[in-house]
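Here is the structure we will look at.
The shown structure was predicted, so the numbers you read here are calculated from the model rather than taken from an experiment.
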Amino acid sequence: EPRKTLTRLLRYVAHTHGATLIYTSTTDPSTQSRLRATLTHHAFRTAGLRTMQVDPTRPVLVPAGWDDLAHIGGPRGRETTTTGGEGVVGGGVKKAGAVYAQWSVWESVAREMFPEVGDGDGDRGGENGRKVNVLGDAERFREESVDALRVQKDLELEKLRRANARRAAAAAAAAASTAATTTTAGKQRREKQKGTNPATSSAILAQ
């Protein structure tokens with residue numbers, strides 16, 4: 001049931017936003033080909049896919065504009081049948097007599113079935129506030145090339161941060177040195193003016 005609900009929720013979001021919904025898998029080349037064709041279609045206006053698959057037990061594919069709120073329906077037990085004419089529901093058009101669910105209903109069901117991610121430390125809230133580690137799956141499906149690239153990027157990021165810190169420190173030191181030089185020059189100028197001979201000043205003014 002959660003898989004079916006999630007699929008219908010994603011169909012609802014995609015349909016009400018005019019988007020294409022496509023499931024892919026690294027173990028299924030056909031889904032990757034469909035994804036490539038979809039991206040090419042949206043990027044270069046080529047011919048789009050002419051097929052639709054909404055069975056949640058199979059790779060879902062719903063081209064933009066092919067779905068319908070009446071076909072999507074709503075979460076089990078929370079459907080609402082319209083009684084008036086056509087109108088707008090959650091960004092999508094509803095037809096009189098169709099079964100649909102507003103976004104607020106979908107959001108409520110999604111929060112119940114799929115708890116929100118926690119505070120960014122790799123945990124998310126479970127039932128009764130219990131913490132569930134979500135990094136375990138990432139450890140089970142390690143990819144050497146991806147992990148090596150991530151280590152490389154982390155090192156590059158750290159080097160960039162250190163370089164930026166050194167540049168910032170050098171700029172601050174240069175600014176402080178310039179300010180000190182300006183202050184010293186001003187002090188010397190004032191002292192020189194104070195030590196000027198009054199007679200010489202009078203002569204200069206007389207000229």
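- Using the six-membered ring where Trp is involved, Trp106 and Tyr12 have ring planes that are tilted, between 30° and 60° apart.
- Atoms CG and OG, from Leu49 and Ser33 in turn, are 10.0 Å apart once rounded to the nearest 0.5 Å.
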Exercise. Would Val54 and Val62 count as a side chain to side chain contact (heavy atoms under 4.5 Å, CB included) if you check the C-alpha gap in whole Å, the side-chain angles of each, and the deciding distance to 0.1 Å?
Worked result: CA-CA 7 Å; Val54 296; Val62 184; 3.8 Å; yes
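- When atom types are taken as modelled, the side chain of His17 and the backbone of Val13 share a donor-acceptor pair closer than 3.5 angstrom.
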For this session: Take Tyr23 and Arg58 through the side chain to side chain contact (heavy atoms under 4.5 Å, CB included) test and state the conclusion after the steps.
Result: CA-CA 9 Å; Tyr23 285 12; Arg58 302 177 62 186; over 6 Å; no
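- The main-chain N or O of Thr24 is never found under 3.5 Å from a side-chain atom of Gln32 such that the two would form a donor-acceptor pair.
- Listed for the Arg3 side chain is a donor-acceptor partner under 3.5 Å among the backbone atoms of Pro56.
- With rounding to the nearest 0.5 Å, the separation of CG in Leu21 from CG in Leu61 is 8.0 Å.
- Ionic pairing of Glu156 and Lys159 is not present here: no N-O contact between side-chain nitrogen and carboxylate oxygen is shorter than 4.0 angstrom.
- Judged purely by atom type and a 3.5 angstrom limit, Thr31 uses its side chain to pair as donor or acceptor with the backbone of Asp28.
- Residues Ala64 and Gly18 come closest through the heavy atom pair CB-O, 3.6 Å.
- In this structure His41 satisfies the side-chain contact (heavy atoms from CB on, under 4.5 Å) test together with Thr46, sequence neighbours excluded.
- Note on Trp66: it does not cluster hydrophobically with Leu39, by side-chain heavy-atom contacts below 4.5 Å among ILVMFWY residues.
- Taking CG from Leu10 and CD1 from Ile22, the interatomic distance works out to 13.0 Å, rounded to the nearest 0.5 Å.
- Here the CG-OG1 distance, from Asp67 to Thr16, works out to 10.0 Å after rounding to the nearest 0.5 Å.
- Side-chain N or O atoms of Gln53 include one that pairs as donor or acceptor with a backbone N or O of Asp55 at under 3.5 Å.
- The side-chain hydrogen bond (donor to acceptor under 3.5 Å, both in side chains) analysis of residues 166-178, with sequence neighbours excluded, yields the pairs Asn164-Arg167.
- Residues Ile72 and Arg8 share a closest heavy-atom pair of O-NE, 3.0 Å.
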For this session: Starting from the C-alpha separation in whole Å, work towards a yes-or-no answer on side chain to side chain contact (heavy atoms under 4.5 Å, CB included) for Leu9 and Arg11.
Result: CA-CA 5 Å; Leu9 167 62; Arg11 288 174 59 192; over 6 Å; no
For this session: Could you go through the side chain to side chain contact (heavy atoms under 4.5 Å, CB included) check for Gln152 and Leu149 one step at a time?
Result: CA-CA 5 Å; Gln152 177 185 342; Leu149 182 60; 4.1 Å; yes
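- In this structure, Thr38 contributes its side chain and Arg34 its backbone to a donor-acceptor pair below 3.5 Å.
- Both Met113 and Val60 are assigned to one and the same hydrophobic cluster, defined by single-linkage of ILVMFWY side chains at heavy-atom distances under 4.5 Å.
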